[in-house]
Amino acid sequence: METKSLWLWNLGSIILEQSSKILPKYYALFHYMTNDECAIDDNKKQLCQQIVSLELFLNYFYSIYIVSLRGALRATNAKEQKANLKYVNAYIIEGYKALWGFTKHNQSLWGQFIKLYANVKNTEAFDKMLEEITCALKEYGDNTITDKDERCLAMHYQIDKNGNPQELLKLDEITIEKEQERYDQFRPIYHKMIDCFVKLIDYYLFKPYRTEILKIQPILPELNLMDQIVWHDKINEINFAITKNIEAQAKSFENCKEMLRKYPLVFKEISRKYKVDLSDCKELLKSTEAMLAISYFSLDLCSILKVYFNSTIPLERNIALSRMNIICHSIIDRVYGYRDRRGSYWEQYITKPYLNMELPDGVVKIRNVMESLIASNTYTQEKRSSFVHLKKDNYIQAITYLYSNNPLVEIQNSEAIIKILPKIQKAIVGVVKQVDSNIKCSYARKNSWIDENLKKVTPYKNQPGVKSVYESLLLLKKGKIMEAIEKLNDI
């Protein structure tokens with residue numbers, strides 16, 4: 001690693017180790033202050049709750065943020081790095097939105113805290129520090145360094161409900177330099193807030209209520225590396241398999257990207273030259289879009305699996321498991337759908353060309369795997385919302401889920417999805433063939449224009465430039481659409 005990257009990596013390790021100790025401690029303290037046994041004075045209880053709540057939020061939010069950056073720093077493939085980097089921006093947006101908000105600042109965690117603090121404070125010792133933090137949060141928002149579309153693509157694989165898979169190409173533009181800049185701008189704010197809350201907690205809680213606080217016992221289960229024992233002897237083998245899959249899907253993604261760039265131009269050119277309607281061929285482009293998306297899903301899931309298997313920090317591993325849950329939930333939603341198939345890739349790409357025909361065995365297997373994953377109840381909207389949206393109360397629930405992850409189930413389900421995604425790609429190739437077959441049947445009934453153009457070019461078929469046109473017309477006459485387009489590329 002370069003010097004700066006190594007420094008970020010080591011700093012991330014320190015922060016995660018610190019958060020591993022802080023989260024259980026303050027989670028228990030937060031719940032203590034919400035029950036009837038709390039000994040804190042009523043006029044100070046709400047303020048103390050907000051102070052502890054913000055301390056919890058900062059440590060949880062920054063931990064999941066740091067895991068994303070560390071995953072990118074240790075990536076061995078450019079696509080793997082970008083898959084991790086996109087969450088740096090996504091969680092900066094979620095964290096900033098919860099802390100300060102982009103519009104309704106008074107309803108944000110910080111806005112509510114500042115308002116309450118001004119009413120019940122009994123010292124002015126922290127006023128300057130709090131004002132500096134408020135100004136820093138405002139200034140960060142004014143810099144507009146965050147990217148909302150990128151965030152939506154990271155969390156939902158689309159910018160809006162009817163998004164096109166080609167939108168994922170935007171995530172391919174992410175760079176480590178840009179995400180480190182985001183980190184560099186937010187890091188000072190984080191450290192100011194942490195320093196401030198250490199002093200606030202000491203003043204308002206530990207000094208006046210130390211005896212009561214020392215009696216509080218942790219209520220979250222201890223995170224450990226016991227799950228790693230299951231795979232200990234196979235880590236190298238697992239890493240090799242995941243890395244190979246990342247390389248294969250990265251190549252597939254680039255191929256689809258090139259096809260989506262090239263074929264619209266080719267379709268337009270062949271239509272212009274031969275005055276023919278090639279609108280049917282748009283179905284082939286849609287299938288390529290689906291292939292692009294499936295490749296990206298696999299890259300995303302494999303990248304976080306590598307984070308999980310290569311980490312020795314229990315908190316980082318559990319954050320990786322939470323990310324797996326988000327990714328798997330999104331993949332199932334995009335590919336198959338939970339309540340129905342409307343708008344899913346299943347409806348749009350995988351089964352559409354078969355109309356009322358019997359589905360191939362490979363497609364039926366995909367359906368069975370998706371139904372099985374849904375029936376496992378591992379992926380719920382409530383859990384996903386808690387992990388994705390760091391708004392009020394969500395992060396408390398997210399921490400609860402974080403400490404109750406089932407590694408064996410998450411890994412088993414992720415493995416099932418990793419294995420079925422290539423089969424989905426294979427099914428889409430079958431769809432392309434079926435669409436191509438449908439197009440051939442259509443052209444067989446309306447190819448008189450080809451004969452007319454063949455008569456025109458036949459006398460000149462051996463001349464430079466004309467030969468490729470002549471051969472492409474012969475292929476079109478046989479109904480070989482894609483081969484004809486490839487031949488035209490030689491012109």
Side-chain angles (χ1 to χ4, degrees), residues 4-5 7-8 11-12 14-15 18-19 47 50-70 72 85-119 121 123-155 170 173-201 203 388-392 394-395:
K4 183 172 182 179
S5 295
W7 175 77
L8 287 171
L11 179 63
I14 294 169
I15 290 170
Q18 288 176 341
S19 293
L47 175 63
Q50 289 219 14
I51 292 172
V52 172
S53 177
L54 273 164
E55 176 75 9
L56 261 177
F57 173 83
L58 286 170
N59 280 276
Y60 171 68
F61 149 62
Y62 212 65
S63 293
I64 55 178
Y65 169 58
I66 284 292
V67 168
S68 304
L69 192 56
R70 278 165 56 86
L85 282 175
K86 70 179 185 291
Y87 292 107
V88 175
N89 170 66
Y91 280 112
I92 278 286
I93 286 181
E94 289 298 327
Y96 183 77
K97 184 168 64 175
L99 266 177
W100 182 242
F102 291 97
T103 52
K104 301 176 181 178
H105 307 305
N106 290 335
Q107 297 178 24
S108 67
L109 292 172
W110 187 256
Q112 290 178 335
F113 163 71
I114 289 296
K115 183 179 178 180
L116 178 63
Y117 182 80
N119 292 330
K121 68 178 182 178
T123 178
E124 296 181 354
F126 307 106
D127 288 7
K128 183 180 178 182
M129 194 179 297
L130 294 173
E131 179 60 28
E132 287 177 355
I133 292 171
T134 302
C135 290
L137 287 169
K138 288 178 181 177
E139 184 180 343
Y140 184 85
D142 293 339
N143 287 337
T144 61
I145 194 173
T146 51
D147 189 321
K148 187 175 182 293
D149 286 351
E150 192 180 291
R151 176 261 171 214
C152 291
L153 286 168
M155 296 303 193
K170 179 178 172 64
E173 300 169 5
I174 294 172
T175 65
I176 186 71
E177 291 78 17
K178 183 168 71 174
E179 301 313 320
Q180 283 186 344
E181 184 184 356
R182 295 193 209 279
Y183 175 82
D184 288 340
Q185 289 215 6
F186 198 83
R187 179 171 55 87
I189 301 175
Y190 164 77
H191 286 294
K192 279 184 180 180
M193 296 184 86
I194 287 295
D195 290 344
C196 178
F197 278 99
V198 167
K199 294 171 183 175
L200 283 169
I201 287 170
Y203 181 83
V388 170
H389 304 292
L390 305 182
K391 54 189 178 184
K392 185 180 179 181
N394 265 21
Y395 62 92

Go through the steps to decide whether R182 and E150 satisfy the test salt bridge (charged side-chain N to carboxylate O under 4.0 Å, His left out), and finish with yes or no. CA-CA 13 Å; R182 295 193 209 279; E150 192 180 291; 3.5 Å; yes
K86 and L153: side chain to side chain contact (heavy atoms under 4.5 Å, CB included), yes or no, with the steps? CA-CA 9 Å; K86 70 179 185 291; L153 286 168; over 6 Å; no
Could you please spell out the steps behind the salt bridge (charged side-chain N to carboxylate O under 4.0 Å, His left out) verdict for K170 and E173? CA-CA 6 Å; K170 179 178 172 64; E173 300 169 5; 5.1 Å; no
Apply salt bridge (charged side-chain N to carboxylate O under 4.0 Å, His left out) to residues K391 and E94 and explain how you reach the verdict. CA-CA 8 Å; K391 54 189 178 184; E94 289 298 327; over 6 Å; no
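Using modelled atom types, no side-chain atom of E179 and backbone atom of V88 make a donor-acceptor pair closer than 3.5 Å. Of the possible polar contacts, one joining the N394 side chain to the H389 backbone as a donor-acceptor pair under 3.5 Å is found. A donor-acceptor pair is defined here as one N or O able to donate and one able to accept, closer than 3.5 Å; such a pair exists between the side chain of Y96 and the backbone of L137. S68 places a side-chain N or O within donor-acceptor distance of the main-chain N or O of I64, the cut-off being under 3.5 Å.
Rounded to the nearest 0.5 Å, atoms CG (D184) and CD (E181) are 8.0 Å apart. Distance check, rounded to the nearest 0.5 Å: NZ of K192 to CE of M129 gives 10.0 Å. Atom CG of L390 and atom NZ of K97 lie 8.5 Å apart (nearest 0.5 Å). Note that CG of D127 is 6.5 Å distant from CG of L130, once rounded to the nearest 0.5 Å. D147 CG to D149 CG: the interatomic distance, rounded to the nearest 0.5 Å, is 6.0 Å. S63 contributes atom OG, which lies 10.0 Å from atom CG of L58 (distance to the nearest 0.5 angstrom).
Inter-residue side-chain proximity for T175 and K178 is flagged as met; some heavy-atom pair is nearer than 4.5 Å. Looking at heavy atoms from C-beta onward, L99 lies in side-chain contact with M193 at the 4.5 angstrom threshold. Y117 has its side chain within reach of L200: a pair of non-hydrogen atoms, C-beta onward, lies under 4.5 Å apart. Counting heavy atoms from C-beta on, the side chains of Y87 and M155 come closer than 4.5 Å. Between F113 and S108, the closest side-chain pair of non-hydrogen atoms is not below 4.5 Å.
Note: Y65 and F61 have parallel aromatic rings, judged against thresholds of 30 and 60 degrees for the angle between ring planes. The aromatic rings of H105 and W100 sit parallel to each other, their planes meeting at less than 30°, with 60° as the upper class boundary.
The 12-atom threshold is exceeded at CG of N119, counting heavy atoms of other residues, nucleotides or ligands nearer than 6.0 Å.
Inspection of the N59 and E55 side chains reveals an N or O donor paired with an N or O acceptor under 3.5 Å.
Of all the heavy atoms in W110 and L54, the pair that sits closest is CE3-CD1, 4.3 Å. Residues A90 and R151 approach most closely at CA-CG, 3.8 Å, considering heavy atoms. Closest non-hydrogen pair, I66 versus G12, comes out as CG2-CA, 3.5 Å.
Partner of Y190 under the ring-ring contact (aromatic ring centres under 6.0 Å, His included) criterion, out of F57, Y62, Y140: Y62 alone.
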